[in-house]
Amino acid sequence: MSLKRRVFVVGAGMTRFHHKMHSGKSGRELFVEAALEAFSNVDKGIDRKDVEGVFTGYFTPTYYEHQGHIGPLVVDWAGLDNVMGWRTESACASSSAALITGVLAIASGLFDVVMVGGVEKMTELPTEKVTDALSVAADDDYEIPAGVTFPGQFALIAQVYFKKYGVSWEQLQSIPIKNHRNGKLNPKAQFQEEIIDRARKIGRERGLNFRDELDFLKSDYNRVVAWPLRLFDCSPISDGASATILASDEKCRDFTDTPIEVAGFGFATDTISLHDRTNYTSFKASVEAGKQAYKMAGVKPRDIDIAEVHDCFSIAEAIAIEDLGFFNRGEGVKASEEGRTAIKGEKPVNTSGGLKCKGHPVGATGTAMVYEVWKQLRGEAGPRQVQNAETGLTHNLGGSGASCSVIIFKR
Ligand code: COA
């Protein structure tokens, strides 16, 4: 599988992800905010008339906002008159599906410039309703009536992983601890704090003294959500949007001297129901999407300098970095404990703070990962910059791994 025409990212933008600050704004307004930043981040400027299509990931707009027909809505609100535009949906991988749609539109020769992005406006509903909205990414015949939720599914996966590899919940905490360290350095992140900062704040308020991060994480202030997963094992509920501008080989230099190439991608699927799978410690769709992307980009896992992976729950990051071939089976947590996935480690993972700390407005997540990789590969990631990053990867899971996109970018 190869692209008939090369495609480049020439601009990207995103709102801050947050659970409170976007109160009262609609999804379309958030998308416009991200789109305006993407336009303003095009080095040599861009005329909105150059954009020939807009593809937008939004998982459940009808549920959150009683709003369908997102495609023309965001085209109109972003001031892009009369162009092709529709919504893509693949649960949490919805905006990665938008990006792949945009890449195909350019690679086919149809268009030269498109905008792709995503949005989710989740916080107008209470948590139990959000949990219900998210659950429709699971199987409505076999799973949802049994009370299956996503924290519940990943809790099962964590239990199997712990038993199979002899890993403890305490060891797993190295992942959210690292992601909060990174997220504190990211002005777009929902929680701009390390876990130790939260521990100290709660300690001050309640007259408590937590010895260290783990002492806090083991306390009741880090409540159990679905055993063994606790609050800090979970990505939060968030509002936000992200947008990326793609251009063809022929046009990209009109917009920037530093285009970032979409060098390869893969998108694969698996059974939607967890109970139909024989292996809970690997996601078949991740492995397959990874293989497709590596092949198309002509690179190996060792060539990836930075990766944004789908840590919707802490255990998901451990499995992702094994599925992508960065670490051996059963060694993802150990790699994290040893600092190998930290910003200064050999394989920096989730420099943005990941879904855990940056936030996870479902439809916006895929192209927000692209935003981080784009910043890193251009050397614009500020205090979280990875030195000499030339090849980056995004890994975006839908549901409990029923779909997955892996996209590889090169400077
Ligand atoms: N990590 C750290 N802190 C969190 C948090 C998280 N994941 N979620 C919420 N908080 C904090 C909030 O900041 C809030 O504090 P504040 O008011 O001082 O800002 C406090 O905890 C209470 O927040 P609240 O919204 O009442 O929490 P909740 O109990 O209703 O929801 C979860 C917590 C974990 C249940 C919810 O975030 C959740 O369902 N996450 C998973 C989402 C999901 O499944 N996504 C799809 C993945 S496939």
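One-based numbering, in listed order, for ligands and for the atoms of each. Remember, predicted model here, so these are calculated numbers, not experimental data. Numbering of residues begins at 1 and proceeds along the displayed sequence.
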Q: Answer yes if a protein heavy atom lies under 4.0 Å from atom 20 (C) of ligand 1, otherwise answer no.
A: no
**Q.** Any protein heavy atom < 4.0 Å from atom 36 (C) of ligand 1
**A.** yes
Q: Taking atom 15 (O) of ligand 1 as the reference point, report whether a protein heavy atom occurs under 4.0 Å from it.
A: no
Q. Is there at least one protein heavy-atom neighbour under 4.0 Å from atom 29 (O) of ligand 1?
A. yes
**Q.** Proximity flag Q190 to ligand 1, non-hydrogen atoms under 4.0 Å
**A.** no
Q.
Check the orientation of F210 and Y221. Use parallel for under 30°, tilted for 30 to 60°, and perpendicular for over 60°.
A. perpendicular
Q) Is the shortest distance from atom 23 (O) of ligand 1 to a protein heavy atom below 4.0 Å? A) no
**Q.** Closest protein heavy atom to atom 42 (C) of ligand 1, given as residue, atom name and distance to 0.1 Å
**A.** S235 O, 3.7 Å
Q: May I ask you to check whether F232 and H180 place their ring centers less than 6.0 Å from one another?
A: yes
Q) Is a side-chain donor or acceptor of S238 paired with a backbone partner of G359 at a separation under 3.5 angstrom? A) no
**Q.** K184/E193 ion pair, N-O < 4.0 Å
**A.** no
Q. Taking non-hydrogen atoms only, is L231 closer than 4.0 angstrom to ligand 1 via side chain, backbone, both or neither?
A. both
**Q.** K291, NZ atom: more than 12 neighbouring heavy atoms under 6.0 Å
**A.** no
Q) How many angstroms lie between atom CD of E89 and atom OH of Y58, to the nearest 0.5 angstrom? A) 12.5 Å
Q.
If the cut-off is 4.0 Å to any non-hydrogen atom of F313, which atoms of ligand 1 fall inside it?
A. 44 (O), 47 (C)
Q: Mark up the atoms of ligand 1 that fall under 4.0 Å of a heavy atom belonging to F232, in ascending order.
A: 2 (C)
Q) When you measure from atom 4 (C) of ligand 1 to every protein heavy atom, which one gives the shortest distance, and what is it? A) F191 CZ, 3.6 Å
Q. Which residue from H19, R230, H360, R223 reaches closest to atom 13 (O) of ligand 1 through any of its heavy atoms?
A. H19
Q | Carboxylate-amine/guanidinium contact D270 K284, below 4.0 Å | A | yes
Q | Nearest candidate to atom 25 (O) of ligand 1, where distance is taken over non-hydrogen atoms, out of T127, L355, V225 | A | T127
Q. Does NZ or CZ of R198 fall inside the cone over F191's six-membered ring, less than 6.0 Å from its centre and within 45° of the axis?
A. yes
Q | Closest candidate by heavy atom, reference atom 3 (N) of ligand 1, pool H310, K356, R198, K20 | A | R198
Q. Any ion pair linking K121 and E65 (charged N to carboxylate O, less than 4.0 Å)?
A. no
Q: Determine whether the aromatic ring centres of H275 and Y280 lie less than 6.0 Å apart.
A: no
Q.
Can you confirm whether N279 is buried at CG, in the sense that more than 12 heavy atoms of other residues, nucleotides or ligands lie under 6.0 Å from that atom?
A. yes
Q: For ligand 1, find out whether one of its N or O atoms is nearer than 3.5 Å to an N or O atom of L134.
A: no
Q) Identify the closest protein heavy atom to atom 7 (N) of ligand 1: which residue and atom is it, and at what distance? A) C234 O, 2.8 Å
Q) Considering only the protein, which heavy-atom contact is closest to atom 39 (O) of ligand 1, and what is its distance? A) I237 CD1, 4.0 Å
